[in-house]
Amino acid sequence: MPEFLPFTRPTLDEATIAGVAEVLRSGWITSGPQVKAFEAALSRHCGGRPVRCFNSGTATLEVALRLAGIGPGHEVITTPLSWVATANVVLEVGARPVFVDVDPRTRNIDLAAVEAAITRKTRAVIPVDLAGLPVDRDRLYDLARRHELRVVEDAAQSFGANWRGRTLGSFGDFVSFSFHANKNITSAEGGALALPDESLVARCEQLRLQGVIRSGEDGMDVEVAGGKFNLTDVAARIGLGQLPHLERFTQRRRELARRYFERWERDLACELPPEDFTQSNWHMFQVVLPERVERASFIAGMREQGIGVGVHYPAMHLFKLYRNLGWRTGQFPHAERIGRGIATLPLFPAMTDSDVERVCEAAKKVLA
Ligand SMILES: *Cc1c(COP(=O)(O)O)cnc(C)c1O
């Protein structure tokens, strides 16, 4: 039996591991010079825009909403087909998440449905680039401009992706990234926020750490109840060691995705993702199983074949928390159907071409 193939695994080089040991020995292990260096590198990646790091992509989203002035009485439109953090942060700032259905082909938020859901209370949209496939930024920002809405791009999964050749994070309103262990670039846990404007940096730093404002040798004041969201230098050093590999990781993920399209048996009647090899960073390769297949048995069957399968994600408006706020089965048929049948197959840079073949063969066997 070959080794178990997980659906993802981080690739960390020896220089990064040694670099982390160096930070641990340095006497300064929480936010310090490594965070500054990571932010500078991320800012270069984002075309020089200001970037600040956080201890998670969730904290990053929450701070973006606060910087955008979103709070009680406001509505924020988002997709039900995402990690639940995307909507939880809206509740966290006291606003109301408003879900709309997804486009069944891209599995990303349906921008026509966004437009139809706008009310007098709508202040922002949180689009999510599911699996790293970018939401149409031209239509998104055209809509935002026409309706005077803020945009908080949840680009947790799309670091390294681009829209028509423009790197995500280098343009637009707020752009939020995550460096969770499963993301394309990791710092174990962490996140980064690309800001639309240099003038927001001071407030962003206050919201990150208890609202503290320092001045001179000993001056300290607080004017806002900030969070405790700072990234450690240990984590930042991991992220710094990952960034130089971004281009190679993304290319390898695209090659592996291509391989899936070549080898996947079409007779299995699974829905495949859009074949985008230029914009998406292929954070995940996800198929939607046919309705006749029970996903739990598929996952168990694949595990018996030595292959890990993930679920990203069940439609979140059907979670108890959101049902209790009034959301119901039947409201978003595409998101609900995809959420029931979606399965994440192994895809990570250290995989070999024959690993892809192994997955395709196993799926054929299990679905037969
Ligand atoms: C990972 C993820 C987040 C949250 O990031 P954390 O770093 O885990 O807090 C938010 N949204 C999406 C779409 C994600 O995939």
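Computed from a prediction, not measured in an experiment: that's the story for all the values here. Just so you know, ligand 1 is whichever comes first in the structure, and atom 1 is the first atom listed for that ligand. Values below: every heavy atom of this structure, side chains too, minus hydrogens, waters and symmetry copies.
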For [X], the ligand 1 atoms whose distance to one of its heavy atoms is below 4.0 Å:
| X | result |
| --- | --- |
| Thr86 | 11 (N) |
| Gly57 | 5 (O), 6 (P), 7 (O), 9 (O) |
| Trp83 | 2 (C), 3 (C), 4 (C), 10 (C), 12 (C), 14 (C) |
| Val128 | 13 (C) |
| Tyr313 | 15 (O) |

(Q) If the contact criterion is a heavy-atom separation under 4.0 Å, does Gly190 count as touching ligand 1? (A)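 The answer is yes, since Gly190 has a heavy atom less than 4.0 Å from ligand 1.
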Q: Answer with yes or no whether Phe177 contacts ligand 1, where contact means a heavy atom under 4.0 Å from a ligand atom.
A: no
Check whether the ring centres of [X] and [Y] lie less than 6.0 Å apart, and answer yes or no.
| X | Y | answer |
| --- | --- | --- |
| Phe179 | Phe38 | yes |
| Phe159 | Phe249 | no |
| Phe277 | Phe261 | yes |

Q) Got a second to check how far Met351's CE is from Thr8's OG1, nearest 0.5 Å? A) 9.5 Å
Q: Enter the distance from Ile213:CD1 to Gln206:CD here, rounded to the nearest 0.5 Å.
A: 4.0 Å
Q) Is the shortest heavy-atom distance from the side chain of Asp221 to the side chain of Val212 under 4.5 Å? A) no
So which heavy atom in the protein is nearest [atom], and how far is it from that ligand atom?
| atom | value |
| --- | --- |
| atom 15 (O) of ligand 1 | Gln157 NE2, 2.8 Å |
| atom 1 (C) of ligand 1 | Lys183 NZ, 1.6 Å |
| atom 10 (C) of ligand 1 | Asp154 OD2, 3.6 Å |
| atom 8 (O) of ligand 1 | His180 CB, 3.9 Å |
| atom 9 (O) of ligand 1 | Thr58 OG1, 2.5 Å |

Q) Do any nitrogen or oxygen atoms of Phe179 lie less than 3.5 angstrom from nitrogen or oxygen atoms of ligand 1? A)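 The answer is no, given that Phe179 and ligand 1 share no N or O pair closer than 3.5 Å.
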Q) With only distance considered, is Ser178 within less than 3.5 Å of ligand 1 through an N or O on each side? A) yes
Q: Please work out whether the ring planes of Phe332 and His317 are parallel, tilted or perpendicular, with thresholds of 30° and 60°.
A: perpendicular
Q. Taking the inter-plane angle between the rings of Phe54 and Phe229 on a 0 to 90° scale, is it parallel (under 30°), tilted (30 to 60°) or perpendicular (over 60°)?
A. tilted
Q) Between Arg52 and Glu205, is there a side-chain N and carboxylate O pair less than 4.0 Å apart? A) yes
Q) Which of these passes side-chain contact (heavy atoms from CB on, under 4.5 Å) with Asn108: Thr79, Asp136, Val135, Val102? A)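 For Asn108, the side-chain contact (heavy atoms from CB on, under 4.5 Å) check succeeds only for Val135.
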Q. Taking atom 14 (C) of ligand 1 as the point of reference, which of Ser82, Ala156, Gly191 owns the nearest heavy atom?
A. Ala156
